[in-house]
Undergrad: 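Just passing along the structure, written as structure tokens.
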Amino acid sequence: MNFQRGVFVTGTDTGIGKTLVSAILCRAWNATYWKPLQTGLADEEGDTPTVRDLAGLSPARIIPPAYAFQAPLAPLAAGDLENVTVNPGRLVLPHVQGPLVVEGAGGLMVPVREDMMLVDLIESLSLPVVLVTRSGLGTINHTLLSLEALRRRGIPVAGVVPVGPPNSGNERDIARFGKTQILFRVPHLDAITETSVAELSGNVPLLDVLQQQISQ
């Protein structure tokens, strides 16, 4: 399979660690970062400056969001509050030098517009997926359901990244029943800093090696 050099980072839920994992991948691969749909700016600065700072990215390695909404809601609902409808024509892969890390908003079935869920956007971008999951109780069900939803659309899966305290049993079952691989692990961190991201980036597979192992 031939892919653009890069991945789409999504998760089994919101607030699960997608931004941290995106920063780790960007640091490991010296990648460009793009979060096409940002919400919740009324409560926080947003994920783009967070990844920029954690991964130590230059301005040239940052693509601004296509849409940025104030409310901490799904893009469809947040856009409705601002009388904005997401135009799919603006959600196309930017042309960049080197690898690209694209981060989603929430999980796969988050509504982007009346006729588009996040998983539809992922399919249209033709990037393999890195699925971020919790490491603890309940993760097997959520992870396998997400993997099934991706594969029903023929979306390639690069692998899974568990976040939280180590759980070898859950990792084993996810890899076995999900027919996927655990790419690396992100332990509980007392503080998330550029230093901790740099340390974790040393555990990330090389992108060229990873893309040879992608399952569908």
Undergrad: Can you check whether P94 reaches L100 side chain to side chain, under 4.5 Å on heavy atoms?
TA: yes

Undergrad: Which pair of non-hydrogen atoms, one from P187 and one from L200, has the smallest distance, and what is that distance?
TA: CD-CD2, 3.7 Å

Undergrad: Taking the six-membered ring of Y67, is the NZ or CZ of R90 close enough (under 6.0 Å from the centre) and on axis enough (within 45°)?
TA: yes

Undergrad: For a 4.5 angstrom cut-off between non-hydrogen side-chain atoms, does V96 reach I63?
TA: yes

Undergrad: Does the W29 side chain pair with the main chain of R5, one donor and one acceptor, at a distance under 3.5 Å?
TA: no

Undergrad: Do M109 and M116 belong to the same hydrophobic cluster, where Ile, Leu, Val, Met, Phe, Trp and Tyr are linked whenever their side-chain heavy atoms lie under 4.5 Å apart, directly or via other members?
TA: yes

Undergrad: Would you name the heavy atoms of L108 and S146 that are closest together and state the gap between them?
TA: CD1-O, 3.4 Å

Undergrad: I'd like to check F184 versus V21 (side-chain heavy atoms, cut-off strictly below 4.5 Å). Are they in contact?
TA: yes

Undergrad: Counting C-beta onward and ignoring hydrogens, is there a side-chain heavy-atom pair between R185 and V161 closer than 4.5 Å?
TA: no

Undergrad: Look up atom CG in N170 and atom CG in L137, then write down how far apart they are to the nearest 0.5 Å.
TA: 8.0 Å

Undergrad: I need the minimum non-hydrogen distance between A31 and L57, along with the two atoms involved.
TA: O-CD2, 3.6 Å

Undergrad: Starting at OG of S126, measure out to CG of L93 and round the result to the nearest 0.5 Å.
TA: 7.5 Å

Undergrad: Quick check: closest heavy atoms across A78 and T39, and the distance to 0.1 Å?
TA: CB-CG2, 4.0 Å

Undergrad: Roughly how far, to the nearest 0.5 Å, is OG1 of T10 from CD of E103?
TA: 9.0 Å

Undergrad: Could you check R61 against R52 for side-chain contact (heavy atoms from CB on, under 4.5 Å), going step by step and ending with a plain yes or no?
TA: CA-CA 8 Å; R61 293 289 186 185; R52 178 198 63 207; over 6 Å; no

Undergrad: Just wondering, do P64 and T48 contact through their side chains at under 4.5 Å, heavy atoms?
TA: no

Undergrad: Quick one: pull up CD in E171 and OG in S135 and give me the separation to the nearest 0.5 Å.
TA: 8.0 Å

Undergrad: Shortest non-hydrogen contact from E44 to D47?
TA: OE2-OD1, 4.1 Å

Undergrad: Determine whether L189 and L20 satisfy the following criterion, side-chain contact (heavy atoms from CB on, under 4.5 Å), listing intermediate values before the conclusion.
TA: CA-CA 11 Å; L189 299 173; L20 174 56; 4.1 Å; yes

Undergrad: Could you measure the distance from the CD1 atom of I182 to the CZ atom of R172? Nearest 0.5 Å is fine.
TA: 11.5 Å

Undergrad: For a side-chain contact (heavy atoms from CB on, under 4.5 Å) check, start with the C-alpha distance between F69 and V86, then their side-chain angles and the critical distance, and finish with the verdict.
TA: CA-CA 11 Å; F69 298 116; V86 170; 4.2 Å; yes

Undergrad: Kindly indicate whether the side chain of T133, heavy atoms from C-beta on, has any atom under 4.5 Å from the side chain of H142.
TA: no

Undergrad: Taking the side chain as every heavy atom from C-beta outward, state whether P65 and P36 have any atom pair closer than 4.5 Å.
TA: no

Undergrad: When you compare the side chain of V119 with that of R153, does any pair of heavy atoms fall below 4.5 Å?
TA: yes

Undergrad: What closest approach, in Å, do P75 and V110 show between heavy atoms, and which atom pair accounts for it?
TA: CD-CG1, 3.5 Å

Undergrad: What is the distance from atom CG of D115 to atom OG1 of T85, rounded to the nearest 0.5 Å?
TA: 10.0 Å

